[in-house]
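Written out below as structure tokens is the structure these notes cover.
Within every chain, numbering begins at 1; the chains are lettered A, B, ... in the order of the sequence lines, protein sequences first and strands thereafter. Remember, predicted model here, so these are calculated numbers, not experimental data.
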Number of protein chains: 4
Amino acid sequence: MERKPVDRRRQVIEAAARSFQTFGYKATTMDQIAKLAGVGKGTIYTFFTNKEELFEEIMSGLIAELKEMADKTLRPELPFTDKLMEVLHRLYDYREKHALAVKLAQEVRDIGTPMAREGLDKLELAVVGYIARHVKEAADKGEIKRCDPELTAYVMLKTYLALTAESHHLHKPLNQEEVQAYFRTYWMEGLASR
Amino acid sequence: MERKPVDRRRQVIEAAARSFQTFGYKATTMDQIAKLAGVGKGTIYTFFTNKEELFEEIMSGLIAELKEMADKTLRPELPFTDKLMEVLHRLYDYREKHALAVKLAQEVRDIGTPMAREGLDKLELAVVGYIARHVKEAADKGEIKRCDPELTAYVMLKTYLALTAESHHLHKPLNQEEVQAYFRTYWMEGLASR
Amino acid sequence: MERKPVDRRRQVIEAAARSFQTFGYKATTMDQIAKLAGVGKGTIYTFFTNKEELFEEIMSGLIAELKEMADKTLRPELPFTDKLMEVLHRLYDYREKHALAVKLAQEVRDIGTPMAREGLDKLELAVVGYIARHVKEAADKGEIKRCDPELTAYVMLKTYLALTAESHHLHKPLNQEEVQAYFRTYWMEGLASR
Amino acid sequence: MERKPVDRRRQVIEAAARSFQTFGYKATTMDQIAKLAGVGKGTIYTFFTNKEELFEEIMSGLIAELKEMADKTLRPELPFTDKLMEVLHRLYDYREKHALAVKLAQEVRDIGTPMAREGLDKLELAVVGYIARHVKEAADKGEIKRCDPELTAYVMLKTYLALTAESHHLHKPLNQEEVQAYFRTYWMEGLASR
DNA sequence: TATGAATGAGTTTTCATTCAT
DNA sequence: GATGAATGAAAACTCATTCAT
């Protein structure tokens with residue numbers, strides 16, 4: 001019977017993801033990753049040419065996961081509000097990963113790793129596109145007002161992220177139901193008192 | 001009379017702000033700032049103890065400017081929608097500076113410079129508080145639905161930033177009127193077709 | 001009967017020799033040798049304790065071959081000029097190997113692997129001694145001027161290498177006849193026009 | 001009065017040259033150079049982008065010095081033998097530096113730093129060209145036999161180096177007079193006893 | 001006061017060698 | 001035996017900070 005051959009590649013990726021998320025790209029040292037992963041520093045270099053490539057691997061992984069989520073079609077018979085809720089429900093499960101992606105994206109964009117930007121943009125496009133598709137459908141069916149689907153989807157995503165992953169220091173963390181309730185209020189009904 | 005004694009402090013701050021905005025905190029070197037500012041590297045250290053202090057100075061400046069804006073009271077007789085527009089109008093003039101603040105905040109948060117977080121949070125609190133105050137007033141007057149003013153203000157801000165400063169690669173830049181139109185649609189009326 | 005048990009030791013030695021010659025000692029990695037030899041990296045270590053030992057093995061091989069050549073006595077009845085030509089003729093066949101030896105010797109001397117120096121020196125001594133013996137004989141017989149046989153042999157060897165193995169970027173490669181012709185001109189007759 | 005401002009650049013270059021000469025390119029570490037030069041490691045990088053550039057600087061210096069020597073014209077009225085002696089006399093003063101150049105050249109050629117090869121080749125060309133010019137003149141004047149000046153010069157140089165700088169482990173060091181005596185014997189008169 | 005050359009701690013990266021399979 | 005994944009010591013290089021001028 002196998003002696004659980006410890007997947008070092010996975011260990012490295014997970015340690016790196018954790019460290020990147022916690023400390024950011026620049027502040028994460030290869031030593032740190034190695035130690036966290038419980039492997040030798042050299043081991044990392046057997047899998048990845050350099051720090052940047054390791055970073056890109058992580059980004060790709062995130063993108064792939066999010067893409068996969070985005071590709072699952074929703075039950076078409078549902079009304080938009082419900083579909084949006086389902087989309088959000090799905091997004092909720094990914095909000096941490098997405099938060100990581102966005103966070104790293106931000107930093108690496110600053111640092112100017114141009115290769116990483118593409119991946120990043122692809123990621124945002126995947127998620128925004130995912131929402132946009134459903135926004136468009138709903139608009140086509142007259143369920144919601146006609147609007148620029150991409151822009152609307154983008155702003156929706158930002159709203160969503162504002163309610164979930166980010167800045168918990170400015171408001172207490174909300175659970176799924178609360179997030180959805182706020183979202184519905186803000187987006188479907190509007191704040192106008194009438 | 002002095003031969004225009006070039007305000008070196010100002011030059012340093014401006015160069016630093018520009019460089020931080022363009023390249024981020026970590027990727028901005030003191031050499032770069034000095035060169036951009038047209039002063040010797042050592043000069044920077046006559047004004048600021050270290051890179052972090054320089055960074056904080058810039059953050060403080062932003063906060064002060066934004067606070068100042070926030071402190072100008074609005075004409076109280078206006079209806080909420082108009083007041084919100086005026087708030088947004090004012091914010092619009094600061095969007096670039098605010099974008100810098102947010103960007104740097106993000107990076108420095110990642111990097112884990114804990115001292116900087118305070119400033120950051122103060123900044124966000126100032127702006128969010130500014131909006132929240134008006135949200136609360138409007139809710140009190142029954143102009144809008146009752147809601148958590150802080151949270152609503154926070155999400156509003158994010159919406160606003162999504163429409164203006166950020167991610168111009170995902171949608172074309174919008175002018176002030178477009179931003180306000182979208183904002184009104186999303187926030188006041190809601191997307192529900194009825 | 002064995003399925004041609006591929007002589008891994010030989011393969012390693014040949015790959016190493018080729019790589020050492022092409023890239024030098026330091027720039028040759030064990031990975032490279034293993035790949036070139038078509039064996040696993042670990043295999044090399046079943047034959048040789050470390051890189052240096054592998055290097056020494058190659059040097060020894062060269063020395064042995066050259067010694068063997070040096071030990072074949074020449075027909076004593078020949079005049080010195082002819083004998084010298086025969087010596088050169090033999091050397092010509094070894095010039096590539098000798099070039100390798102000299103090249104590696106040079107580098108490893110720099111690097112300061114003292115153990116390798118001995119081998120090196122033995123090699124040069126073998127070849128120089130080979131020539132020197134014949135120089136001495138010729139001088140004894142009055143065929144050539146009396147001279148320090150070792151030094152003369154050494155300079156002869158250098159001349160020979162200059163004409164053959166080295167620096168083909170400074171002059172076009174010469175074939176065996178040309179080499180011998182030049183050699184004779186330079187060494188036997190002198191440049192003096194009379 | 002100046003406090004002897006210690007020319008660090010020179011110190012670095014000298015330490016590097018010494019270390020490169022003693023240990024070779026690969027085996028010389030930047031730490032070593034720094035320590036030898038009595039400066040901080042970073043200081044080296046204020047003068048040279050990287051190790052290779054430092055190496056090239058040293059090579060350039062050697063080339064320049066040798067070029068300068070080569071450019072001094074000789075008294076044209078002298079007979080070739082005397083001129084050759086003068087050339088050799090001059091070379092003798094540079095033999096150490098030249099030895100360094102050749103040694104490093106050898107190693108770096110192995111290592112395959114293509115940029116350095118050029119410099120190297122230029123160096124050899126400078127010196128060979130210098131000798132070749134005088135060989136050609138002498139041949140034109142009928143002082144020596146007609147011969148390929150470049151090739152002859154090249155072989156002469158090798159002979160010279162064999163007599164001076166290299167391989168003192170194979171023969172005792174020769175002083176200037178001895179070198180010239182041998183050189184004359186070998187090159188002008190030939191070994192032929194008559 | 002202003003400067004920038006000098007510094008070295010802290011990073012990333014390489015590669016000979018080991019050892020479990 | 002043969003293997004190559006794993007290792008870490010050692011090397012190159014970066015950059016915030018200092019300090020003599």
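In this structure, CD1 of D:Ile33 is placed 12 Å from C1' of F:dA11, rounded to the nearest angstrom. The interatomic distance linking C:Phe48 (CZ) with E:dT18 (C1') rounds to 18 Å, in whole Å. The distance from atom CZ of C:Arg9 to atom P of F:dA2 is 12 Å, rounded to the nearest whole Å. The distance between atom NZ of A:Lys35 and atom P of E:dG10, rounded to the nearest whole Å, is 13 Å. Following rounding to the nearest Å, D:Ile44 (CD1) and F:dT14 (P) show an atom-to-atom distance of 13 Å. If you measure from atom CG of B:Leu54 to atom P of F:dC15, you get 17 Å, rounded to the nearest angstrom.
For D:Glu14, there are no side-chain hydrogen bond (donor to acceptor under 3.5 Å, both in side chains) partners two or more places apart in sequence or in a different chain. In this view, D:Gln32 and D:Ser19, D:Phe23, D:Thr28, D:Thr29 satisfy the side chain to side chain contact (heavy atoms under 4.5 Å, CB included) rule, not counting sequence neighbours. Listed by chain and number, the residues in a side-chain hydrogen bond (donor to acceptor under 3.5 Å, both in side chains) with C:Asp31 are C:Lys41 (sequence neighbours excluded). A:Phe48 is linked by a side chain to side chain contact (heavy atoms under 4.5 Å, CB included) to A:Arg9, A:Val12, A:Ile13, A:Ile44, A:Glu53, A:Leu54, A:Glu57, counting only residues two or more places apart in sequence or in another chain.
Using a 4.0 Å cut-off, some side-chain N or O of D:Arg8 falls inside it from OP1 or OP2 of E:dA6.
Nearer to the 5' terminus of DNA chain F, by closest-nucleotide assignment, is the contact made by C:Gly40 (compared with the other of A:Val39 and C:Gly40).
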- Message: Across nucleotides 11-16 of chain E, 5' to 3', mark each nucleotide with B, S or - according to how protein heavy atoms within less than 4.0 Å reach it.
- Response: SBBB-S
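At a threshold of 4.0 angstrom between heavy atoms, the contacts of A:Phe47 are confined to the sugar-phosphate backbone, with no base atom among them.
With a cut-off of 3.5 Å on both pairing distances, the Watson-Crick and G-U wobble pairs of DNA chain F assemble into stems of 3 or more at E:2-21 with F:2-21.
Relative orientation of the A:Tyr25 and A:Phe20 rings is parallel, given thresholds of 30° and 60° on the angle between their planes.
Nearest heavy-atom pair across A:Leu36 and A:Ala15 is CB-CB, 3.7 Å.
Here the straight-line distance linking atom OG1 of D:Thr43 with atom CE of D:Met30 works out to 11.0 Å at 0.5 Å rounding.
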